[in-house]
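Naming convention: chains lettered A, B, ... in sequence-line order (proteins, then strands); numbering from 1 in each chain.
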Number of protein chains: 2
Amino acid sequence: MLSIGELSIKTGVKVPTIRYYEQMNLVTAPERSEGNQRRYTTVELERLTFIKHARDLGLKIDAIRELLDLSAHPEQPCADANRIAEDHLSATRKRIAQLQRLEAELMRITEGCHGDSIKDCYVIQSLSDHALCKDTH
Amino acid sequence: MLSIGELSIKTGVKVPTIRYYEQMNLVTAPERSEGNQRRYTTVELERLTFIKHARDLGLKIDAIRELLDLSAHPEQPCADANRIAEDHLSATRKRIAQLQRLEAELMRITEGCHGDSIKDCYVIQSLSDHALCKDTH
DNA sequence: TCTTGATGCTCTAGTCACTAGAGAGATTAT
DNA sequence: ATAATCTCTCTAGTGACTAGAGCATCAAGA
């Protein structure tokens with residue numbers, strides 16, 4: 001039986017976050033000690049590890065909830081689980097591409113500034129005048 | 001004189017967002033019509049364009065506030081403005097690198113799944129068992 | 001047994017940058 | 001004059017936590 005603090009250390013999920021997940025019904029409320037403190041078993045440890053891992057991969061709580069529901073039905077086909085992971089992969093790729101465009105523009109802005117007072121500052125000018133942008137964004 | 005709706009169309013910032021910015025003191029409260037509706041001049045149009053542009057680049061409101069303060073003092077050196085832009089550039093690069101690690105792991109997970117029911121699903125297994133991860137994250 | 005310090009409890013409120021909706025008033029076009 | 005569209009203020013909700021107050025419980029040492 002683990003206390004919430006021990007579970008926190010084992011999973012890397014902070015104590016208030018564990019309580020928050022319980023409130024959101026992402027993990028079920030565990031047994032309590034005589035003094036009303038939470039006591040966890042390995043079942044909950046595994047479930048929380050799953051959640052932590054999925055969160056680290058950037059999956060949203062709703063997606064995780066769906067995956068947890070799926071994993072409770074081991075005889076069902078796994079196409080849905082794959083779809084969730086693939087959707088997230090494609091969203092991740094889009095985000096990377098977007099950030100790379102921003103990176104390019106930020107480089108252009110910071111490298112372009114050779115003035116030394118604000119009135120000549122390319123950073124400020126670039127932000128003021130959209131026409132100075134190379135790409136649309 | 002522009003109404004809030006016209007300003008919204010010209011800048012691409014939604015109407016409730018403009019009012020929100022006013023509440024946050026990011027833009028100053030404009031004049032009002034006789035019937036108490038907001039009326040904007042080109043000064044506000046330019047300022048909001050600046051804000052929109054900076055937000056599109058992913059700058060946080062606080063950073064934008066700082067840049068706006070800087071641009072109000074044209075004789076000051078522009079080192080601070082450059083620093084803000086460069087900080088954001090380096091944060092963007094870190095985020096890109098992180099997302100690329102996630103992309104790699106998501107690819108590994110989705111491509112690795114050749115089972116057809118949940119109990120053999122590599123997606124679910126990967127999330128359950130951190131030891132299956134190649135990299136730490 | 002007593003004490004002490006760490007840990008745990010619940011509850012409320014704050015974060016960020018908006019977004020949604022209600023219900024009323026203003027403006028514009030016909 | 002009327003209808004359609006805007007605009008007003010206000011409150012509350014989003015996601016995924018985080019912070020803090022004020023109190024209770026637990027484990028270990030003296």
Please list, pair by pair, any protein nitrogen or oxygen found under 3.5 Å from a nitrogen or oxygen in nucleotides 14-18 of chain C.
from, atom 1, to, atom 2, distance (Å)
dA17(C), OP1, Ile61(B), N, 3.4
dA17(C), O3', Arg55(B), NH2, 3.4
dA17(C), N7, Tyr20(B), OH, 3.4
dC18(C), OP2, Tyr21(B), OH, 2.7
dC18(C), OP2, Arg55(B), NE, 2.8

Original post:
For Leu59(A), does its backbone N or O pair with a side-chain atom of Arg55(A) as donor and acceptor, under 3.5 Å?
Top reply: yes
Original post:
Hey, is the main chain of Glu105(B) close enough, under 3.5 Å, to the side chain of Arg101(B) for a donor-acceptor pair?
Top reply: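 No: the side chain of Arg101(B) does not pair with the backbone of Glu105(B).
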Specify the closest pair of heavy atoms between [X] and [Y], including all atoms of both residues, with the distance to one decimal.
X	Y	value
Asp56(B)	Leu102(A)	O-CD2, 3.5 Å
Asn82(B)	Thr110(A)	OD1-O, 3.7 Å
Leu45(B)	Lys10(B)	CD1-CB, 3.8 Å
Asn25(A)	Arg65(A)	O-NH1, 3.6 Å

Atom [atom1] of [X] and atom [atom2] of [N]: how far apart are they, to the nearest Å?
X	N	atom1	atom2	answer
Glu34(A)	dT25(D)	CD	P	11 Å
Leu2(B)	dT28(C)	CG	C1'	16 Å
Met1(B)	dT28(C)	CE	P	13 Å

Original post:
Is there a residue in residues 86-98 of chain A whose heavy atoms reach under 4.0 Å of DNA chain D, and which residues are they?
Top reply: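 Of all residues in residues 86-98 of chain A, none places a heavy atom under 4.0 Å from DNA chain D.
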Rounded to the nearest 0.5 Å, how far apart are [atom1] of [X] and [atom2] of [Y]?
X	Y	atom1	atom2	result
Glu86(B)	Ile109(A)	CD	CD1	11.5 Å
Glu6(A)	Thr11(A)	CD	OG1	11.5 Å
Glu46(A)	Leu48(A)	CD	CG	11.0 Å

Subject >> Met24(B) reachable from Val15(B) in the ILVMFWY side-chain graph, under 4.5 Å edges >> reply: yes
Original post:
In the single-linkage hydrophobic clustering (I, L, V, M, F, W, Y; side-chain heavy atoms under 4.5 Å), do Ile18(A) and Ile9(A) co-cluster?
Top reply: no
Original post:
Is the shortest heavy-atom distance from the side chain of Leu70(B) to the side chain of Leu67(B) under 4.5 Å?
Top reply: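 Yes, close enough: below the 4.5 Å cut-off.
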Original post:
Any salt bridge between Glu44(A) and Arg47(A), counting N to O under 4.0 Å?
Top reply: no
**OP:** Flag the pair Glu22(A) and Arg38(A) as a salt bridge only when some basic side-chain nitrogen lies within less than 4.0 angstrom of an acidic carboxylate oxygen.
**Re:** yes
Original post:
With sequence neighbours left out, what residues match Val43(A) under side-chain contact (heavy atoms from CB on, under 4.5 Å)?
Top reply: Thr41(A)
Using a cutoff of under 3.5 Å, can you pull out all pairs of nitrogen or oxygen atoms linking the protein to nucleotides 6-8 of chain D, with atom names and distances?
from, atom 1, to, atom 2, distance (Å)
dT7(D), OP1, Ser3(B), OG, 2.6
dT7(D), OP1, Gly5(B), N, 2.9
dT7(D), OP2, Gly5(B), N, 3.4
dC8(D), OP1, Arg38(B), N, 2.7
dC8(D), OP1, Arg38(B), NH1, 2.9
dC8(D), OP2, Arg19(B), NH1, 2.4
dC8(D), OP2, Arg38(B), NH1, 3.2
dC8(D), O5', Arg38(B), NH1, 3.4
dC8(D), O3', Arg32(B), NH1, 3.4

Polar atoms only, N or O, under 3.5 Å: list the protein pairs with nucleotides 2-5 of chain C and their distances.
none

Original post:
Does Ser33(A) put a side-chain nitrogen or oxygen below 4.0 Å from OP1 or OP2 of dT25(D)?
Top reply: no
Original post:
In degrees, rounded to 10°, what is the bend between the two ends of the helix from dT1(C)-dA30(D) to dT30(C)-dA1(D), using five pairs at each?
Top reply: 10°
